[in-house]
Each structure stands twice: as structure tokens, then as C-alpha cells.
Amino acid sequence: MNVEPGSKGVPDNITTSKLAKKAAVVVEVKEKEKEKEKEKEKGADDREKLKPKAPSKQKPQDKDMPRWNQKEKEDRIQSVKEYYQITGELGQGSFGAVYAVTRRSDKQHLAMKVESVNVKKSMLAHEAEVLLSLSVVKSAHFVILYDKGSVENRFLFLVQTLVGINLWDLRTRMPEKRYTLAATLRIAEQTLAGLADMHRAGFLHRDIKPPNFAIGRAEDNTLHTVYILDFGLCRRIARKGSDLRMPRKECGFRGTTRYASLAAHDGAKALRSAVPQTPPTFLAFFFL
Ligand SMILES: Nc1ncnc2c1ncn2[C@@H]1O[C@H](COP(=O)(O)OP(=O)(O)OP(=O)(O)O)[C@@H](O)[C@H]1O
């Protein structure tokens, strides 16, 4: 550095050697600071290495799922009557996963819900029965069950109508991550109409929550329809031509705690009287 005494910003009484000394001290201090920074970073790295690893999100039943995007390219699933080509994953549940598939015979886009055979209690077989029973009620809010099948020792599957994004994921894409009042009211009208159709068919859903409802698809002209999904926890409360089943006095908790009615939390059966509590709760959750 060429700094002459008397030059701009340098007082005359400071000699070149004094300036050089000062500069050397400044450089030394800066180097020490750099070293300290490096030490700190190294410590942080070490702490990072020592941190306990987050538990793997892999579930035991994942090994049974179709290996459609792995080396095996197991993307063609066969039922007794059809072939289905897996084209993507739509969602994951506690017992399996849902895939977008194309039916080979007519190239129709459908959804395939898959459940491992190694789960303690199968929900899928029950879900298939409910969907079949619901098909007698012609409701715009129900998906249609097209086919079912299994892959030995691995999984069971149901093939149903492909719908669009679920109401939880849709909410996260909204400005400020919430629906407008108008959208909330439209959703209320649609979800309540769907649930009323279910009750007319003699079923209680018992797991009402945003991820279990989805809008339709632009390709099918059903963007403004809300569909009900996931019938695994449904309970029949009435049969055609017979009385309502008597509610049980006590029953274990079913559903999702965040959205469950007060009665369900209290350990009472998911009473018909408790049903109206849940939709307002989750609708408020959308809007607030
Ligand atoms: N027919 C469908 N069309 C399009 N997407 C779907 C369909 N069925 C389910 N999905 C997607 O997959 C997600 C999980 O589906 P579903 O709730 O039926 O699975 P699940 O295994 O019962 O889940 P959970 O155990 O969390 O209740 C849904 O939130 C939705 O996003």
C-alpha cells in the first residue's frame, strides 16, 4: 500500500513506518477474526454430524407398494380384467398410497388406491364394500369403483374415478393460504350436499377432514364439484327399509383428532348428533 504522509486523509505527523505498523496490526486482527469464524463453522459442522438423524419416513408397508419409479419399473398392474399403467403418485396414506393410472383398454385416466397386505386391519376391503353400496345412490360427490385386484403377498388395490387436488393441498396454494369467504361457502354447500347423500345412503363417514375431500378435474368439467374420498372408517347406520341402528353407548376413537367432534373426543359413539359439528369446524379452519 503506497500511502504518503500528507496525502489526502493521512495526517502529516504520522510516518510511513507507523502507518505500516498500524496496517500490519489491522491485517493480524482480521486474520484472527477469520480463523475464529472458521472454527465456529467447523464446530457447527461437527454438531450437525452429531445430531440424531431424523427418523426415516419410510413405513414398513412401503416395501410392498408398486415399485413404479424404481429400477424395477413395476408400473403395470394387472387385475382379472384389465392392465393399468402407473403414471404418478397422488397421495400417501397411513396404510398405502394412491396412484394415477391409465387403463390400457381405453386409455382412461383413473386413480388406484393401494394397501399393503401386511397391515393389521384392512380398510380397503371395507372401502370397496362401502363404494359399492354408495353406487346405488346417484350422487355427483361420490367416486365410482371400477375395478379391484391384488398382487400376491404384496398389496390389494381399488381402481376408482380420478379426481383433482384435495381441499387441504388446494388451500395451501391459495393467497395467504386460505380460501375466500365465497370459496368457503361454495365448499360448504358442496361438502354438506355430499355428506347428506352419504347419510341418505345409510352411511356415516367418520373421518371428515380437508384431505378427504377433493375438487374434480378441468378435463372432466367437474372443477366445481367436491368429491368425498376415503371411506375406510365409514359405518353403516341404516339399511333400506329398516330402522336406524341404535348408537353404541361407548366406542373407541375413530377419525382424526384435529377435526373430530366433541362427542367423539368424549368417547361417545360418533353420534348422528355430533355429525353437524365437524363440517363447521373444518370450514372455519379453511377460512380463518
Ligand atoms: N380418486 C382419487 N383421485 C385423485 N386423488 C386421490 C384419489 N383418492 C385419493 N387421492 C389422493 O390421495 C390422498 C390420500 O387418499 P386417501 O385419504 O384415500 O388415503 P388413505 O390411505 O386412506 O389416507 P389416510 O390414512 O391419511 O386417511 C388424498 O388426500 C388425495 O389427495
Side-chain angles (χ1 to χ4, degrees), residues 57-62 64-66 68 77 84-103 108-132 134-135 139-148 154-173 187 190-191 194-195 198 203-223 225-235 253-260 264 270 278 282 285-286:
K57 285 203 174 141
Q58 281 253 320
K59 293 178 249 106
Q61 63 268 23
D62 285 352
D64 301 325
M65 296 291 103
W68 66 282
I77 311 295
Y84 300 93
Q85 175 101 35
I86 299 182
T87 54
E89 191 179 278
L90 297 167
Q92 289 226 0
S94 7
F95 307 102
V98 183
Y99 301 94
V101 296
T102 307
R103 185 162 62 193
Q108 189 170 343
H109 300 300
L110 297 164
M112 178 181 277
K113 187 162 175 174
V114 176
E115 181 189 74
S116 159
V117 292
N118 291 312
V119 296
K120 275 194 194 130
K121 192 169 180 270
S122 171
M123 307 277 239
L124 214 62
H126 176 63
E127 187 157 359
E129 276 174 32
V130 175
L131 278 171
L132 270 185
L134 289 179
S135 64
S139 169
H141 307 283
F142 300 162
V143 291
I144 297 169
L145 176 65
Y146 288 103
D147 198 2
K148 57 184 177 177
R154 300 255 315 276
F155 58 82
L156 310 172
F157 65 87
L158 300 183
V159 180
Q160 50 182 246
T161 317
L162 174 68
V163 298
I165 185 169
N166 75 49
L167 292 187
W168 175 267
D169 290 342
L170 185 60
R171 178 180 181 259
T172 61
R173 292 189 191 176
I187 290 172
Q190 285 283 306
T191 47
L195 292 171
M198 273 196 82
F203 286 94
L204 281 186
H205 188 280
R206 303 201 299 177
D207 196 13
I208 296 172
K209 59 180 180 179
N212 284 346
F213 291 88
I215 57 169
R217 299 189 322 136
E219 297 89 320
D220 302 328
N221 221 2
T222 52
L223 262 186
T225 304
V226 171
Y227 288 85
I228 305 176
L229 302 173
D230 196 0
F231 301 88
L233 290 179
C234 270
R235 180 169 162 85
F253 181 82
R254 305 271 192 295
T256 308
T257 46
R258 188 178 207 179
Y259 303 101
T278 306
F282 90 71
F285 187 74
F286 282 156

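Read the numbers this way: they start at 1 and go in the same order the structure lists the ligands and their atoms. These numbers come from the heavy atoms of this one structure, side chains and all, not from hydrogens, waters or symmetry mates.
Using a distance-only test at 3.5 Å, with no hydrogens or angles considered, no donor-acceptor pair links the side chain of Asn118 to the main chain of Asp64.
Atom 10 (N) of ligand 1 has Val98 CG1, 3.8 Å as its closest protein atom, hydrogens excluded (heavy atom only). The nearest heavy-atom contact from the protein to atom 13 (C) of ligand 1 is Gly91 CA, 4.0 Å. Looking only at protein heavy atoms, the nearest one to atom 27 (O) of ligand 1 is Asp230 OD2, 2.7 Å. Nearest protein heavy-atom contact of atom 11 (C) of ligand 1 is Leu90 O, 4.1 Å. The closest protein non-hydrogen atom to atom 25 (O) of ligand 1 is Ser94 OG, 2.5 Å. Among protein heavy atoms, atom 29 (O) of ligand 1 sits closest to Pro211 O, 2.8 Å.
Thr225 OG1 to Arg217 CZ: the interatomic distance, rounded to the nearest 0.5 Å, is 12.5 Å. Here the straight-line distance linking atom OH of Tyr227 with atom CD of Gln160 works out to 11.5 Å at 0.5 Å rounding. Atom NZ of Lys148 sits about 10.5 Å away from atom CG of Leu131, to the nearest 0.5 Å. Rounded to the nearest 0.5 angstrom, Phe157 CZ and Leu124 CG are separated by 10.0 Å. Rounded to the nearest 0.5 Å, atoms CZ (Arg173) and CD1 (Ile165) are 3.5 Å apart.
Ring geometry for Phe142 versus Phe231: interplanar angle over 60°, hence perpendicular rather than tilted (30 to 60°).
Proximity of Thr161 to ligand 1, defined as any heavy-atom pair under 4.0 Å, is confined to the backbone N, CA, C and O atoms. Residue contacts with ligand 1 for Val163 involve both N, CA, C or O and side-chain atoms from C-beta outward (heavy atoms, distance under 4.0 Å).
Residues in residues 114-130 take part in these salt bridge (charged side-chain N to carboxylate O under 4.0 Å, His left out) pairs, two or more places apart or across chains: Lys113-Glu127.
At least one N or O atom of Lys113, backbone or side chain, sits closer than 3.5 Å to an N or O atom of ligand 1. Between Val143 and ligand 1, no pair of N/O atoms sits closer than 3.5 Å. For the pair Asn166 and ligand 1, the shortest N or O to N or O distance falls below 3.5 Å. Between Asp169 and ligand 1, a contact under 3.5 Å exists for no N or O pair.
When every heavy atom of Leu90 is checked against every heavy atom of Ala111, the shortest pair comes out as CD1-CB, 4.1 Å. Between Asp230 and His205, the shortest heavy-atom distance links the atoms O-NE2, 2.9 Å.
Ligand-side atoms of ligand 1 in range of Gln160: 1 (N), 8 (N), range being under 4.0 angstrom from any heavy atom. Under a 4.0 Å criterion applied to the non-hydrogen atoms of Asn212, ligand 1 contributes the atoms 17 (O). Applying the 4.0 Å criterion to heavy atoms of Ala111 picks out, from ligand 1, the atoms 1 (N), 2 (C), 3 (N). The Gly93 neighbourhood of ligand 1 comprises atoms 20 (P), 21 (O), 23 (O), 24 (P), 25 (O), 26 (O), with distances under 4.0 Å to a heavy atom of that residue.
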